[in-house]
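These notes concern the structure reproduced below.
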Amino acid sequence: MAKLWLKVQRYLRRKPVRFFTFLALYLMAGSLVFLHSGFGGQQTTPQAQASPPSAEGAELPFPGDLHLGRGLQEPGEAPSIGRRHGPWFKGKDGATDRAKLGDYGGGTWSRALKGRAVREKEEERAKYIGCYLDDTQSRALRGVSFFDYKKMTVFRCQDNCAERGYLYAGLEFGAECYCGHKIQAPNASEAECDMACKGERGGMCGGANRLSVYRLQLAQESTRRYGSAIFRGCFRRPDNLSLALPVTVAMPNMSVDKCVDLCTEKEYPLAALGGTACHCGFPTTRFPLHEREDEQLCAHKCGAEEFESCGTPSYFIVYQTQVQDNRCMDRRFLPAKSQQLIALASFPGAGNTWARHLIELATGFYTGSYYFDGSLYNKGFKGERDHWRSGRTICIKTHESGQKEIEAFDAAILLIRNPYKALMAEFNRKYGGHIGFAAHAHWKGKEWPEFVRNYAPWWATHTLDWLRFGRKVLVVHFEDLRRDLFAQLGRMVALLGVAAREDRLLCVESQKDGNFKRSGLRKLEFDPYTADMQRSIAAYIRTVDAALRRRNLTGLPDDYFPR
């Protein structure tokens with residue numbers, strides 16, 4: 001052994017370069033082991049600890065000690081120096097909560113993928129409409145298709161078709177998925193769709209040349225796509241066509257593809273098909289796309305496409321191209337320091353980030369935040385890094401609900417959302433990130449009941465405190481903002497003291513989704529709310545509704561209750 005060691009020493013003395021190379025490799029290996037051990041440890045997730053603020057004398061269920069509204073920070077947020085973090089920021093053992101900080105190593109994304117693999121579906125996401133014939137030479141559904149002979153499920157097929165904006169999803173031969181806007185085949189006997197899905201027990205996935213077809217309930221007409229274009233609907237021809245849609249090209253052999261390609265090439269966001277003429281333009285006051293007509297008025301076959309409608313000279317079929325409407329994309333900080341601080345206040349999960357996106361597009365000015373979220377900053381919310389009192393932003397996002405924090409603002413837009421939806425959205429964000437989803441195990445485990453017990457009373461006390469302590473509060477219901485964006489956003493902009501141009505608001509309508517919209521069909525196949533949860537939340541809804549009406553404000557929308 002000694003002789004061998006002497007030989008190695010002589011070899012390395014003769015070859016010093018090799019010696020130093022081995023030494024460097026050894027040190028690098030040690031560093032990698034050290035780094036791996038540093039990141040590999042599991043950290044605990046703290047349990048919420050809080051006490052519900054006073055609710056104007058109303059006695060709310062779930063008495064406890066909640067302070068959830070203090071110093072709230074979103075997951076995905078990078079740690080910051082000197083920022084506002086409440087006591088919840090540490091776990092019970094003092095360790096930083098990774099669920100709050102976000103997992104930049106891919107954990108959040110992997111959780112979302114795991115959740116996707118589970119059979120979760122949105123409430124009433126699709127309706128089974130029957131078994132249909134299919135022919136390899138003439139498909140019943142003629143959109144995109146994909147196959148998976150090991151893991152195909154009904155939900156996976158529906159989800160893929162919905163993501164692409166199709167109205168129908170069909171499964172065949174246990175493993176094949178087809179999407180389309182129309183079913184172009186006759187019905188078959190239900191007994192002929194008898195093949196189980198390859199990826200799930202109990203799911204039926206058509207048969208040999210037979211499709212099990214579903215209509216995707218949430219694939220609304222406004223999100224229908226043709227290739228990369230979004231279907232907007234059927235609209236009456238504008239009065240002054242040349243001003244409303246400045247480009248018109250005659251196309252005797254009209255097809256959706258040809259018109260969309262033409263308008264995309266000419267860099268217009270709208271393609272309007274009018275029989276044998278293709279028109280291109282922007283949404284304007286002359287053509288605002290607010291009054292949709294019955295699609296049957298536009299049901300005229302295209303000259304070069306057998307199964308698509310190309311509109312008529314009086315009623316246009318309109319698609320939105322992939323061209324970005326730049327009339328509302330410019331944003332900057334306020335040119336002079338604002339003399340008042342305006343809050344954009346909401347309970348978490350009520351659409352605050354989406355509302356900020358809309359406000360920035362409508363006003364052209366950045367919004368700020370009471371917190372700092374690195375993921376939002378990286379997505380373009382440049383006001384996220386400013387101190388909330390800087391005066392350079394048009395309004396400030398906050399989830400705070402304490403008297404001192406509320407009275408620090410001169411005015412507020414109070415965004416309220418159905419608590420059943422808001423709680424689920426916040427739970428998804430907490431365990432899956434801004435656009436991810438909580439895994440099935442989180443919904444079925446202890447996390448969900450504990451979350452509802454702690455957060456549900458905060459939904460009520462948050463609104464009650466802002467109504468009680470806030471100055472000049474404008475109440476906006478999330479559901480109204482989704483249904484009538486143009487009018488509700490106009491109210492919000494007016495409170496902010498900005499004269500937003502109407503064409504800019506129309507531009508916002510076509511860019512409304514932003515970068516933080518979750519996939520439309522990703523919820524649960526079961527109702528996560530127990531009977532006890534529903535009784536408690538119903539009490540909170542009644543309390544908030546009564547408080548709004550006492551101030552002569554519009555009460556909560558009818559669909560909040562009964563559950």
Side-chain angles (χ1 to χ4, degrees), residues 138-139 141-144 164-168 179-184 219-329 486 502-512:
S138 180
R139 290 290 180 188
L141 295 175
R142 300 180 184 180
V144 300
R164 292 161 174 79
Y166 288 100
L167 293 179
Y168 298 98
C179 311
H181 294 308
K182 293 181 179 180
I183 305 171
Q184 301 171 39
Q220 299 175 0
E221 301 297 322
S222 60
T223 61
R224 247 171 57 192
R225 292 176 182 268
Y226 190 94
S228 60
I230 301 173
F231 178 81
R232 295 296 299 271
C234 176
F235 298 90
R236 186 187 298 271
R237 171 193 173 112
D239 292 334
N240 195 324
L241 181 60
S242 60
L243 290 178
L245 298 167
V247 172
T248 297
V249 175
M251 287 186 175
N253 292 321
M254 172 75 82
S255 73
V256 175
D257 274 341
K258 289 179 181 178
C259 188
V260 168
D261 288 346
L262 171 72
C263 296
T264 300
E265 182 182 347
K266 294 186 176 295
E267 298 187 349
Y268 284 99
L270 292 185
L273 292 79
T276 57
C278 175
H279 311 279
C280 309
F282 295 91
T284 64
T285 54
R286 294 185 175 87
F287 198 48
L289 304 184
H290 284 164
E291 297 181 3
R292 291 177 56 159
E293 303 288 349
D294 187 333
E295 246 185 274
Q296 291 302 314
L297 296 173
C298 292
H300 178 75
K301 287 185 179 180
C302 301
E305 173 56 62
E306 183 181 357
F307 299 106
E308 286 294 338
S309 297
C310 277
T312 71
S314 300
Y315 292 92
F316 295 169
I317 285 282
V318 179
Y319 285 85
Q320 184 174 320
T321 73
Q322 292 298 297
V323 176
Q324 184 168 272
D325 190 343
N326 290 318
R327 295 175 299 166
C328 60
M329 298 307 292
F486 190 84
E502 192 170 354
D503 60 342
R504 189 170 186 116
L505 292 175
L506 289 168
C507 169
V508 176
E509 284 189 308
S510 63
Q511 312 280 343
K512 62 184 179 182

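A search for side chain to side chain donor-acceptor pair (under 3.5 Å) contacts involving S314 returns nothing, not counting sequence neighbours.
Residues T321 and Y268 come closest through the heavy atom pair OG1-O, 2.8 Å.
Taken from OG1 in T284 to CD in E502, the straight-line distance is 9.0 Å, to the nearest 0.5 Å. Taking CZ of R236 as the reference point, atom OH of Y315 lies at 3.5 Å (rounded to 0.5 Å). Atom-to-atom distance recorded for D325:CG and R327:CZ is 4.0 Å, nearest 0.5 angstrom.
Heavy-atom contacts from other residues, nucleotides or ligands closer than 6.0 Å to CD of E293 number more than 12.
R237 has its side chain out of reach of T312: every pair of non-hydrogen atoms, C-beta onward, lies at least 4.5 Å apart. Annotation: side chain of R232 is not in contact with side chain of Y319 (no heavy-atom distance under 4.5 Å). M254 places a side-chain heavy atom less than 4.5 Å from the side chain of L273.
Between F316 and F287, the ring planes lie perpendicular to each other; the angle is over 60°, past the 30° to 60° tilted range.
Under the 3.5 Å distance criterion, with hydrogens and angles disregarded, a donor-acceptor pair is assigned to the side chains of N240 and S242.
For the two cysteine residues C263 and C280, the thiol sulfurs sit under 2.5 Å apart.
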